[in-house]
Amino acid sequence: MAVSPLQVHQFKCLSDNYGYLVHDPVSGETAVIDTPEVGPILKALDETGWQLTYILNTHHHFDHAGGNQEIKQKTGCKVIGPKNEAEKIPALDMALGDGDTIALGAQVAKVFDVPGHTAGHIAYWFEEAGIAFVGDTLFALGCGRIFEGTPEQMWASLQKLMAMPDDTILYCAHEYTQSNAAFALSVEPQNDALVSRSRQIDELRAAGKPTVPSTLALEKATNPFLRPTSKDLQANINKLGAPIVEVFAETRRLKDNF
Ligand code: ZN
Ligand code: FE
C-alpha cells in the first residue's frame with residue numbers, strides 16, 4: 001500500500017475515547033478530530049511539535065466537543081463542525097454538511113452527513129489518503145447508539161460509509177471493540193472471519209494495545225451492523241427474509257439490550 005500523505009497520531013482520552021491529530025507534513029497544517037479531553041490533546045501537540053490549525057468535530061456530545069473552547073483559546077485554531085447541529089458546537093467558526101470539503105494543506109476531506117447517533121453527526125473522508133474519521137457512527141464491530149435519529153437514518157448513514165473504497169482505514173472514536181465482539185458473535189457465530197478477528201482483539205487487548213483503526217473491508221466482513229444481508233445473521237435474529245432495514249433495526253435493538 002502507498003505511504004499515506006497524512007500522519008495520524010492516535011492517543012487515549014477519558015476512559016475509552018481516542019484522540020487523533022492529523023498532520024499534513026507538506027503544509028504543516030494539523031487537525032484534531034474532536035476534543036474529548038484537553039490535557040491529552042495538548043500533550044500530543046507538545047510531543048509531536050505540531051501546530052493546531054483546526055478542530056474537526058464529528059458531533060456535539062461532550063466527549064467530542066467538550067474541549068473546544070479551551071483548545072481554541074490555547075492554540076488559536078479554528079473550530080469546524082456539523083451544520084445540522086451547529087448551535088450545539090461550542091466556539092464553532094465554520095459549519096459543514098454533506099458534500100462540503102475541508103482542506104489540510106493539499107489533502108482534502110469530504111464531509112458526509114451521517115445522522116442517527118445525533119441528528120447532525122458528520123464524518124470526514126480524506127479520499128486521497130484513504131482514511132476516514134467516523135466518530136460515533138461506525139465502530140470497530142459496532143455502530144453508534146441511535147439517540148437522535150431512526151434506524152432508517154442510521155442505516156442510510158452506514159451505507160454512505162460503505163460506499164468508500166474497501167481499503168479505507170477507519171478511525172472511530174471509542175475503544176468498544178471487545179464488548180462489540182461479544183455481541184457480534186452472539187448474532188453471527190458462524191462467521192469464521194468474525195471468530196478469528198475476535199481472537200485477535202482479545203490478544204490485542206490483553207497486551208494493552210488498541211484495536212482501532214480497522215478497515216472498511218474488515219468491517220464489511222465481520223461487523224453485524226454492516227451485515228443485515230447475511231442470511232445467517234437474519235436467521236439467528238428471527239428476521240430471515242425481512243426487509244434489510246428491519247434486520248438492521250432489530251440488530252441495533254438487540255445490542256441495546258445485550
Ligand atoms: Zn457520541
Ligand atoms: Fe462518544
Side-chain angles (χ1 to χ4, degrees), residues 3-97 100-114 117-118 120-137 169-175 210 212-213:
V3 176
S4 172
L6 287 173
Q7 293 171 254
V8 179
H9 178 72
Q10 176 172 349
F11 50 97
K12 287 165 74 171
C13 292
L14 303 175
S15 61
D16 54 29
N17 283 73
Y18 285 120
Y20 300 106
L21 295 182
V22 189
H23 179 71
D24 168 40
V26 178
S27 64
E29 293 197 333
T30 302
V32 66
I33 309 298
D34 289 327
T35 54
E37 192 179 6
V38 172
I41 294 171
L42 294 176
K43 182 163 166 273
L45 287 167
D46 196 51
E47 283 171 0
T48 55
W50 298 342
Q51 294 250 335
L52 198 62
T53 316
Y54 298 121
I55 291 167
L56 301 181
N57 283 130
T58 61
H59 66 296
H60 70 82
H61 284 159
F62 187 77
D63 64 314
H64 297 262
N68 279 13
Q69 197 81 57
E70 196 176 340
I71 295 289
K72 183 178 177 175
Q73 257 164 28
K74 293 204 160 124
T75 65
C77 71
K78 286 218 173 335
V79 180
I80 315 293
K83 193 182 274 178
N84 291 341
E85 53 192 45
E87 72 291 346
K88 294 181 177 171
I89 305 291
L92 187 69
D93 292 299
M94 196 199 309
L96 301 179
D100 289 338
T101 58
I102 177 80
L104 209 56
Q107 297 302 312
V108 175
K110 292 186 177 172
V111 172
F112 296 121
D113 283 337
V114 285
H117 177 68
T118 66
H121 197 304
I122 58 176
Y124 297 90
W125 177 34
F126 288 92
E127 183 174 4
E128 191 193 327
I131 65 181
F133 295 92
V134 295
D136 284 359
T137 295
I169 297 170
L170 300 174
Y171 290 92
C172 63
H174 291 271
E175 179 61 61
V212 177

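Keep in mind that this is a model prediction, so the values were computed, not measured.
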**Item:** Set of ring pair (Phe, Tyr, Trp, His ring centres under 6.0 Å) partners for H60, sequence neighbours left out
**Value:** none
**Request:** Work out which heavy atom in I122 is nearest to a heavy atom in V114; give both atom names and the distance.
**Result:** C-CG2, 3.7 Å
**Complete:** Interatomic distance, CD@E70 vs CG@L42, rounded to 0.5 Å, equals 7.0 Å
**Request:** Hey, can you tell me if W50 and H23 have their rings parallel, tilted or perpendicular (30° and 60° cut-offs)?
**Result:** parallel
**Complete:** Distance col, row M94:CE vs I80:CD1, nearest 0.5 angstrom, shows 4.0 Å
**Asked** Only one of Y20, W125, F112, Y18 forms a ring pair (Phe, Tyr, Trp, His ring centres under 6.0 Å) with F133, so which one is it?
**Response** Y20
**Value rounded to 0.5 Å, distance of OG1 in T30 from CG in L45** = 7.5 Å
**Prompt:** Quick one: does D93's side chain get under 4.5 Å of K72's, heavy atoms only?
**Reply:** yes
**Distance, nearest 0.5 Å, that separates CD of E47 from NE2 of H9** = 5.5 Å
**Item:** Any side-chain heavy-atom pair of E37 and N17 under 4.5 Å
**Value:** no
**Item:** N57 and V79, any side-chain heavy atoms less than 4.5 Å apart
**Value:** yes
**Prompt:** Does CD belonging to Q51 count more than 12 external heavy atoms closer than 6.0 Å?
**Reply:** no
**Prompt:** Going from CG on D34 to CD1 on I41, what distance comes out if it is rounded to the nearest 0.5 angstrom?
**Reply:** 8.5 Å
**Prompt:** Given the rule in the side chain to side chain contact (heavy atoms under 4.5 Å, CB included) test, do V108 and E127 qualify, once you have shown the distances and angles that lead to the verdict?
**Reply:** CA-CA 7 Å; V108 175; E127 183 174 4; over 6 Å; no
**Message:** Do N84 and P82 have side chains that approach each other closer than 4.5 Å (heavy atoms only, starting at C-beta)?
**Reply:** no
**Request:** Could you tell me how the ring of H59 sits relative to the ring of H121: parallel (under 30°), tilted (30 to 60°) or perpendicular (over 60°)?
**Result:** parallel
**Prompt:** Would V22 and Y124 satisfy side chain to side chain contact (heavy atoms under 4.5 Å, CB included), going step by step from the backbone distance to the final call?
**Reply:** CA-CA 12 Å; V22 189; Y124 297 90; over 6 Å; no
**Asked** Which atoms form the tightest heavy-atom contact between G67 and V38, and what is the distance?
**Response** CA-CG2, 3.8 Å
**I33 vs Y171, side chain to side chain contact (heavy atoms under 4.5 Å, CB included): CA-CA, chis, key distance, verdict** = CA-CA 10 Å; I33 309 298; Y171 290 92; over 6 Å; no
**Asked** Does K83 reach the side chain of V111, with side-chain heavy atoms less than 4.5 Å apart?
**Response** no
**Asked** Looking only at heavy atoms, which two atoms of A103 and E29 are closest? And how far apart?
**Response** O-OE1, 3.8 Å
**Request:** Decide yes or no for D136 and H174: does some side-chain heavy atom of the first lie under 4.5 Å from some side-chain heavy atom of the second?
**Result:** yes
**Message:** For a 4.5 angstrom cut-off between non-hydrogen side-chain atoms, does I71 reach C77?
**Reply:** yes
**Asked** Can you name the nearest heavy-atom pair linking A129 to S4, along with the distance?
**Response** CB-OG, 3.7 Å
**Message:** Please check this pair: side chain of N68 against backbone of P90, looking for a donor-acceptor N/O pair closer than 3.5 Å.
**Reply:** yes
**Asked** Between T48 and L21, which heavy-atom pair has the shortest distance, and what is it?
**Response** OG1-CD1, 3.9 Å
**Message:** For a quick test of reading the model, state the closest non-hydrogen atom pair linking D24 to A106 and the distance between them.
**Reply:** OD2-N, 3.9 Å
**Prompt:** Are V134 and C172 close enough that some pair of their side-chain heavy atoms sits under 4.5 Å apart?
**Reply:** yes
**Item:** Rounded distance (nearest 0.5 Å) linking atom OG1 of T58 with atom CD of E85
**Value:** 8.0 Å
